[in-house]
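Order of listing sets the numbers, starting from 1, for every ligand and every atom in it.
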Amino acid sequence: MDGIHNHADPQYWAKLQLVADTLKGIQGPIVVVSHVDPDGDAIGSSLGLARALKALGKQVTWIAKVPRYLSFLVREGEASPPIEHLPEGTTLVVVDAAEPSRVEGAPVEGFVINLDHHGTNPRFGNLAVVDPSKAATCQIVKELIDLLGVPWTPELATVVLTGLITDTGNFRFSNTTPELLCTAADLIAHGVPYAELTDRLQWRPPEYFISLAKVLSTIQFHFGGLVVTAHMPPGDYEDDSDDYVGQIRYAEGSQLAVFLRQRGEDVKVSLRSRGGVSAQAIAVKLGGGGHVPAAGATLRGMTLEQAYPKVLAAVEEELRRSGYLEPARAAKAADGR
Ligand code: 5GP
Ligand code: MN
């Protein structure tokens with residue numbers, strides 16, 4: 001498939017060292033941003049890097065719209081509001097953003113450093129370190145902070161560990177490698193209150209649970225149970241779509257979970273897959289991107305009713321490609337083997 005590179009980057013360390021040297025040499029302002037709908041990895045990697053650069057004495061602005069369930073990680077006044085123009089001579093550091101159009105908070109202009117782990121990232125910017133073999137952008141940021149030589153504090157380690165926890169689904173997804181667990185252990189050893197952190201990351205307000213009940217009432221099974229879909233009733237609680245798709249993906253026998261929600265004129269689609277089905281391939285067909293097992297897209301100018309058949313057509317194509325529409329394989333999947 002065009003534009004997707006899911007393998008490790010052989011020049012990873014050389015490029016990361018270049019980023020470290022470049023950041024150390026910067027005298028002017030640095031702005032750190034991440035992607036729209038920021039998740040734990042977006043907040044953790046951008047805030048972690050911003051804190052580390054501040055510790056080096058740099059003039060840093062961290063721009064983020066922090067979702068409520070992550071706000072406990074952020075100090076009062078630490079996040080700045082979005083800006084439309086970057087001051088002259090600014091270095092823009094973009095983390096965890098799969099493409100320029102997903103960057104939130106500042107225009108992608110001037111000298112741009114792009115740190116990410118999405119295979120669909122077009123490697124935009126003046127310096128790009130994109131390594132899809134990393135489970136989280138926080139893994140890249142951890143290694144960058146080590147290269148920068150910034151001393152670890154519990155506060156710094158906590159935000160960086162957050163991205164490792166959330167992007168691996170609490171160390172359960174297939175991206176949970178021995179290397180990643182070593183990185184996590186390293187961070188925990190710097191004084192992270194681990195049990196407290198994982199507990200806090202699961203807290204949701206009462207409205208979330210009321211919405212969840214409504215979302216679950218929209219559940220449908222397709223292709224003999226290979227695919228499970230659900231949607232958010234328009235205008236309901238919005239914070240983390242990952243939570244909702246994360247619930248339905250455990251339907252036994254399913255290889256793909258799809259969650260849709262109306263957002264103004266558009267429909268946001270979240271996809272999670274397993275067993276040789278590529279959520280990424282479906283997202284790319286729908287004009288989005290992401291990782292093989294977790295991806296997303298935004299369908300512009302559409303209602304939920306119009307989006308469902310479009311999404312299911314792309315899903316069917318991917319099920320066909322991965323062999324799941326052949327009777328023998330479908331029966332095996334339904335059996336959970
Ligand atoms: P989520 O479903 O949690 O919003 O996103 C899952 C993954 O796909 C994330 O890694 C996210 O960055 C990526 N993703 C979600 N929506 C889009 C999109 O519209 N375009 C691209 N390129 N990636 C997306
Ligand atoms: Mn990420």
Side-chain angles (χ1 to χ4, degrees), residues 1-6 33-49 64 67 69-70 94-104 108 114-124 129-142 159-169 173 175-176 180 183 215 229-232 238-249 256-261 263 266-273 278-300 302 307 310-311 314:
M1 211 162 309
D2 273 348
I4 302 178
H5 303 281
N6 288 321
V33 291
S34 188
H35 62 77
V36 289
D37 297 327
D39 54 14
D41 193 30
I43 296 298
S45 58
S46 57
L47 178 55
L49 188 56
Y69 75 102
L70 294 172
V94 177
V95 293
D96 201 39
E99 50 184 85
S101 66
R102 288 190 43 86
V103 174
E104 181 170 72
V108 182
N114 164 16
L115 306 174
D116 187 30
H117 69 132
H118 294 92
T120 53
N121 188 305
R123 279 69 176 164
F124 64 89
V129 179
V130 179
D131 193 339
S133 75
K134 303 286 179 188
T137 299
C138 275
Q139 214 177 341
I140 301 173
V141 164
K142 153 71 167 69
V159 293
V160 177
L161 182 65
T162 294
L164 300 191
I165 294 172
T166 57
D167 266 19
T168 59
F173 299 156
N175 54 7
T176 310
L180 175 117
T183 307
V215 166
T229 63
H231 65 265
M232 170 86 81
E238 281 209 17
D239 214 351
D240 188 14
S241 63
D242 189 63
D243 280 338
Y244 298 103
V245 73
Q247 297 277 341
I248 63 172
R249 72 193 299 275
L256 177 74
V258 186
F259 175 71
L260 299 92
R261 76 177 172 203
R263 270 226 165 144
D266 308 327
V267 173
K268 163 92 219 269
V269 185
S270 290
L271 301 143
R272 302 291 184 270
S273 65
S278 171
Q280 185 184 57
I282 300 165
V284 168
K285 280 192 232 298
L286 297 171
H291 312 284
V292 173
T298 297
L299 301 176
R300 309 267 171 217
M302 228 178 261
K310 288 233 171 350
V311 171

query: What are the two closest non-hydrogen atoms of Ala98 and Asp116, and how far apart are they?
result: CA-OD2, 3.6 Å
message: Residue-level breakdown please: for His117 versus ligand 1, do any non-hydrogen atoms fall below 4.0 Å on the side chain, on the backbone, on both, or on neither?
response: neither
message: Within the 4.5 Å heavy-atom criterion, are Ile43 and Val159 side-chain neighbours or not?
response: no
Minimum side-chain heavy-atom gap Leu115-Leu49 below 4.5 Å: yes
In ligand 1, which numbered atoms sit nearer than 4.0 Å to a non-hydrogen atom of [X]?
X      : value
Lys268 : 1 (P), 2 (O), 4 (O), 15 (C), 16 (N)
His291 : 10 (O)
Gly290 : 8 (O), 13 (C), 23 (N)
Ser270 : 1 (P), 2 (O), 4 (O)
His118 : 9 (C), 10 (O), 11 (C), 12 (O)

- prompt: For ligand 1, is there an N or O atom under 3.5 Å from any N or O atom of Asp96?
  reply: no
- request: Could you tell me whether a side-chain N or O of Ser273 sits under 3.5 Å from a main-chain N or O of Leu256, the two making a donor and an acceptor?
  value: no
- prompt: Touching ligand 1 at all, Arg272? Heavy atoms, strictly under 4.0 Å?
  reply: yes
- request: Quick one: pull up CG in Asp41 and CD1 in Ile165 and give me the separation to the nearest 0.5 Å.
  value: 11.5 Å
message: Using 0.5 Å steps for rounding, measure from the CD atom of Gln139 to the OG atom of Ser45.
response: 12.0 Å
task: Would you tell me which option among Gly296, Ala283, Ala294 has the nearest heavy-atom contact to atom 17 (C) of ligand 1?
output: Gly296
message: On a heavy-atom basis, I'd like to know which of Gly287, Gly289, Ser101 is closest to atom 21 (C) of ligand 1.
response: Gly289
- prompt: Partners of Asp131 by side-chain hydrogen bond (donor to acceptor under 3.5 Å, both in side chains), sequence neighbours excluded?
  reply: Ser133
message: Taking side-chain hydrogen bond (donor to acceptor under 3.5 Å, both in side chains) as the definition, give me every residue that meets it alongside Thr168, ordered by chain and number, with sequence neighbours left out.
response: none
message: Run the salt bridge (Lys or Arg N to Asp or Glu O under 4.0 Å) test against Asp39 and tell me which residues pass, sequence neighbours left out.
response: none
- request: Kindly assign one of parallel, tilted or perpendicular to the pair His35 and His118, based on the angle between their ring planes and the thresholds 30° and 60°.
  value: perpendicular
query: What's within reach of the Mn ion (ligand 2), meaning protein N/O/S atoms under 2.8 Å?
result: Asp41 OD2, Asp96 OD1, His117 NE2, Asp167 OD2
- request: Could you check Val311, Ile282, Thr298 and say which one makes a side-chain contact (heavy atoms from CB on, under 4.5 Å) with Val269?
  value: Val311
